[in-house]
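Owing to the predicted nature of the structure, the values given are computational and were not obtained by experimental measurement. First the proteins, then the strands, lettered A, B, ... as listed; each starts at 1.
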Amino acid sequence: MPDHAEHGRELSASFIPADIESVLYSKWLSAEYFTANAASTKEPFTIVLPPPNVTGVLHIGHALDQTLQDCLSRMKRMKGFEVLWLPGMDHAGIATQNVVEKQLASQGKTRHDLGREAFLAKVWEWKAESGGAILDQMKRLGSGVDWSRERFTMDEVMSNAVGSIFKKMYDADLIYRAERIINWCTRCLTALSDIEVEHSDDEGEFVQIRYGEGDQSIVVATTRAETMLGDGAVAVHPDDPRYKHLIGTEVLLPLVNRMIPIIADELVEQDFGTGAVKVTAAHDPNDFEMAMRHNVPFVVIMNEHGVMDGTGTEFDGMDRFAARIAVVAKLKEMGRIVAEKRPYIHAVGHCSRCDTTVEPRLSKQWFVKVAPLAQASGDAVRNGSVKIEPVSLEPRYFEWVDKMHDWCISRQLWWGHRIPVWYGPQGEVVVVGPGEKAPDGWVQDPDVLDTWFSSGLWAFSTLGWPEKTADLAKFYPTSVLVTGYDILFFWVVRMMMMSTFAMDGVPPFKTIMLHGLVRDQFGKKMSKSRGNSIDPIEFLDKYGADALRFTLARGANPGADQALAEDWIGGSRNFATKLWNASRFAMLNGAHVNGELPAFSSLSPIDRWILTRLNETIIEADQLFESYEFSRACELIYHFAWDDLCDWYLELSKEVFASNEKAASQRVLGHVLDQLMRLLHPVMPFVTEELWCTLTGGESLVISSWPTSRPDQIDVEAKRIVTSLQEVVTEVRRFRNDQGIKPSQKIPGRFSGNPDVLSSASALRFLLKLEDKDFTPSATLDIAGAKIELDLTGSIDVVAERARLEKDLATALKDQKTAEVKLGNEGFMAKAPADVVVEIRERLEKTTSEIERIQAALAALS
RNA sequence: GGACGAUUGGCUCAGCGGUAGAGCACCACAUUGACAUUGUGGGGGUCACUGGUUCGAUCCCAGUAUCGUCCA
């Protein structure tokens, strides 16, 4: 037999992630492992990366999201799928425009000083220089995306898709223009969709105002007193006995001195406030609805900046919040304030981009009619064609999809896809699709589309739609969407709607896999204001990508948030180091993968045991990965590698490797490491690649095959034997520890009894530092049916040993009693399943003999 | 106000109708070779509370309390 020297280089004595990461990533890229082939005959596996904002940097949430996607795509590639993981970025309308406007502001300019075209040129310039920082950070993490297919939502292909889908939807009557109450940001000067509004509980005021005079008066309650200037009616519930007599009459609206009607509408809650609400049709969505039903006039009292305008009162020209104070003060002077509550905590909407308080505003905008689209999206999940993992999050999806409002898609911004609608001189409206041209003299709508409109197309626009491309045919629908539950409503639902419509009813993904949010070490939400945000790049530098990835994957329970502490990343780094050192040790001892594995039955019990554990781990880990149980899969592999392989197998095998009987074990160990590296590669791609290539001389784990389990290599007998060995080792170690014998100190010892233990006696002696020589035993242990005699060179510490034995005895007695009680229970004996009864019986026997053993040992002590 | 979820060792979380688990933290011992980014041994929980179902409940059901998230 040739000596099996290590392949390639030797491993350095310590593992330094920075030494290997960028080298390996470059190797993978230049080999084009991540480049998908649409012409392949392999079954496709597709993931589209949720596109980060072009303004974004990698935060810890991205790191989690990408770790899981990389893990799935690497595993599927190893399983023989044609994998496409498609990356890209979102143009992020408001966010990006804000960034560039801020730059301009520092030069004392606004976008209007530049004009639309020059401003857009500036944005593109910014993108080229500073955009997409996140892409390089993804490489640091090891994300194996197909860079040849990188997309940007404003690219030509994508814009083409936007124009096409707009026309298709308009023609299908799914897009319309209407005057509605929309969310308006008075700073960004644009409409916002519902999801771009974040609600928070703010301190405001709740005041009750008396309208009218004498008998003909009514008290309304409001948190936005200034809007009373635009009231067109007062509404009460039709059944409210307090106000029934007033319905149909009119009251005087103070300050503006206008008579307004009292109407009855079921929308009014009798128990809320005074049961009478003011109806400000042009400035509140609920009021708008009531106004439509009752022909209440729309009175606009504010301009786009949120400044009072057109009321014909002294308040014109005041900011809305100043006007609120002034109006209440004036009404108070008039004796019309009946009650005031301040502070009054209530939900207030804020612009998700700049936090400005959103103002509901009557405005003419473009909308998507969502009812039919949402219905189809809900049905796709209801009928099982799309699965949501974990299932427990389905109700949230349905809750949103089933009561979604029409979606306002026009934005008064410049950065984005311009609405492809042109208006003729006579007010004609035409949608101009890609490649079409509007008649001369017609004018294009100045607004752009909501960013989510284009990102809603992501699953198919990235593949070349509306062209019938090879990519689209091969890779649509995508296999799984991996994303945080926080954007289930924002993005996932929109993708479902748009894709299902565009792709003739085929939903964009087969599975939606939702993970949670990364939180700080105490489970608190990370935020700038708390100051508990953490920077993944810092941890990549400090602990390496594998450590960060493993920590995140290990914490990823389906749909649940996870806490993250630096200490835990350190722990994962230690794990990577452990793998490194174990592999190094193994290779120094000649572990290799050359030739066939020796016949299973010819192997030692210890070798058979580690192969058994390997196979069990492969089977279980594979199932866990396939069901997106990343946390449990990582936990399982971690304990196999650290406990079974390092702590037991390597320790029990040291004696063999030091002998001349090591050939079989060298091959077995090589095989176990080979398979373990494959199994762990999706989560820890760098360290496994380095170790595996060194061990096997193979080209790359990325293109190697996924481990397959070998049912013929699962041996219960070997497990039983090794369990006995483990008991012996642990008990002797405990005894030595109790007796104060230093771990390094060798003492004479010998075994007798249990043949399973005897057959591994030399391994045990090596591990337990027991010398094989003649001696007169001063202590005898009875473990797992084996007798272990030791010479402590002198008398043993009787007090310590007695304390130990008595503690064990107490435990055994308690266990024995529990079993006895059960077996003595008639109900239990009559109704418990047979296998449970057998188990309890065995437990009773075991504890009984254990008690006998301990009592005998105690007796021997005295 | 609506919906959903959570409550398990110091911290963060798994788990499960049949004697409570992990990581980190903690205590003790150890530095003659894979690894101190380590090894060995150890301590620590009446599984929020109250009822119910069951031979048996941390687990299932109901209620209570507290906390969290989303929506209005």
Shorter than 3.5 Å, N or O on both sides, protein versus nucleotides 18-20 of chain B: list them out with atom names.
residue: rU19(B); atom: OP2; partner: Arg843(A); partner atom: NH1; Å: 3.0
residue: rU19(B); atom: OP2; partner: Arg843(A); partner atom: NH2; Å: 2.4
residue: rU19(B); atom: O2; partner: Asp815(A); partner atom: OD1; Å: 2.7
residue: rU19(B); atom: O2; partner: Asp815(A); partner atom: OD2; Å: 3.4

Mind checking Ser14(A) for me? I need base, sugar-phosphate or nothing, with any heavy atom below 4.0 Å counting as a touch. nothing
Just checking, is any N or O donor in the side chain of Tyr628(A) or Asn557(A) under 3.5 Å from an acceptor N or O on the other one? no
Are there any protein N/O atoms within less than 3.5 Å of an N/O atom in nucleotides 23-25 of chain B, and if so, which ones and at what distance?
none

Please work out if Lys807(A) contacts a base, only the sugar-phosphate, or nothing of the nucleic acid, heavy-atom cut-off 4.0 Å. sugar-phosphate
Whole angstroms only, please: what is the CE-C1' distance between Met404(A) and rC70(B)? 15 Å
Atom pair distance, as rounded to whole Å: CG in Leu695(A) and C1' in rA34(B): 15 Å
Taken to the nearest whole Å, CD/Glu198(A) to P/rC71(B) is 8 Å
Arg734(A), nearest nucleotide to its side chain (from rG42(B), rU37(B), rA34(B)): rG42(B)
Is a donor-acceptor contact shorter than 3.5 angstrom present between the side chain of Arg733(A) and the base of rU40(B)? no
Just the table, please: protein N/O against nucleotides 26-32 of chain B N/O, every pair under 3.5 Å.
residue: rA30(B); atom: OP1; partner: Lys742(A); partner atom: NZ; Å: 3.2

Report which part of the nucleic acid Asn589(A) touches: base, sugar-phosphate, or nothing (heavy-atom distance under 4.0 Å, all strands). nothing
For Glu651(A), answer base if it contacts any base atom (sugar-phosphate contacts may also be present), sugar-phosphate if it contacts only those atoms, and nothing otherwise; contact means non-hydrogen atoms under 4.0 Å. base
No-hydrogen, no-angle side-chain donor-acceptor test under 3.5 Å, Ser665(A) and Asp607(A): yes
Kindly say if Lys525(A) contacts the phosphate of rC70(B), meaning a side-chain N or O under 4.0 Å from OP1 or OP2. yes
Can you tell me if the side-chain N/O atoms of Lys769(A) get under 4.0 Å from OP1 or OP2 in rU40(B)? no
Please list, pair by pair, any protein nitrogen or oxygen found under 3.5 Å from a nitrogen or oxygen in nucleotides 13-17 of chain B.
residue: rA14(B); atom: O5'; partner: Asn557(A); partner atom: ND2; Å: 3.4

Can you check the Ile16(A) CD1 to rC35(B) P distance for me, whole Å? 15 Å
For Trp400(A) and rC70(B), give me the distance from atom CH2 to atom C1', rounded to whole Å. 9 Å
Just to be sure I understand the rule, does Ala582(A) reach a base, reach only the sugar-phosphate, or reach nothing, if contact means heavy atoms closer than 4.0 Å? base
For Asp815(A) and Arg843(A), run salt bridge (Lys or Arg N to Asp or Glu O under 4.0 Å): C-alpha distance rounded to whole Å, both residues' side-chain angles, the deciding distance at 0.1 Å, then the answer. CA-CA 8 Å; Asp815(A) 291 350; Arg843(A) 193 183 301 158; over 6 Å; no
Identify all pairs in which a protein N or O lies below 3.5 Å from an N or O of nucleotides 2-8 of chain B, and state each distance.
none

Dot-bracket line, read 5' to 3' along RNA chain B, where crossing pairs take [ ] and | marks a partner on another strand, Watson-Crick or G-U under 3.5 Å: (((((((..((((....[..)))).(((((.......))))).....(((((..]....)))))))))))).
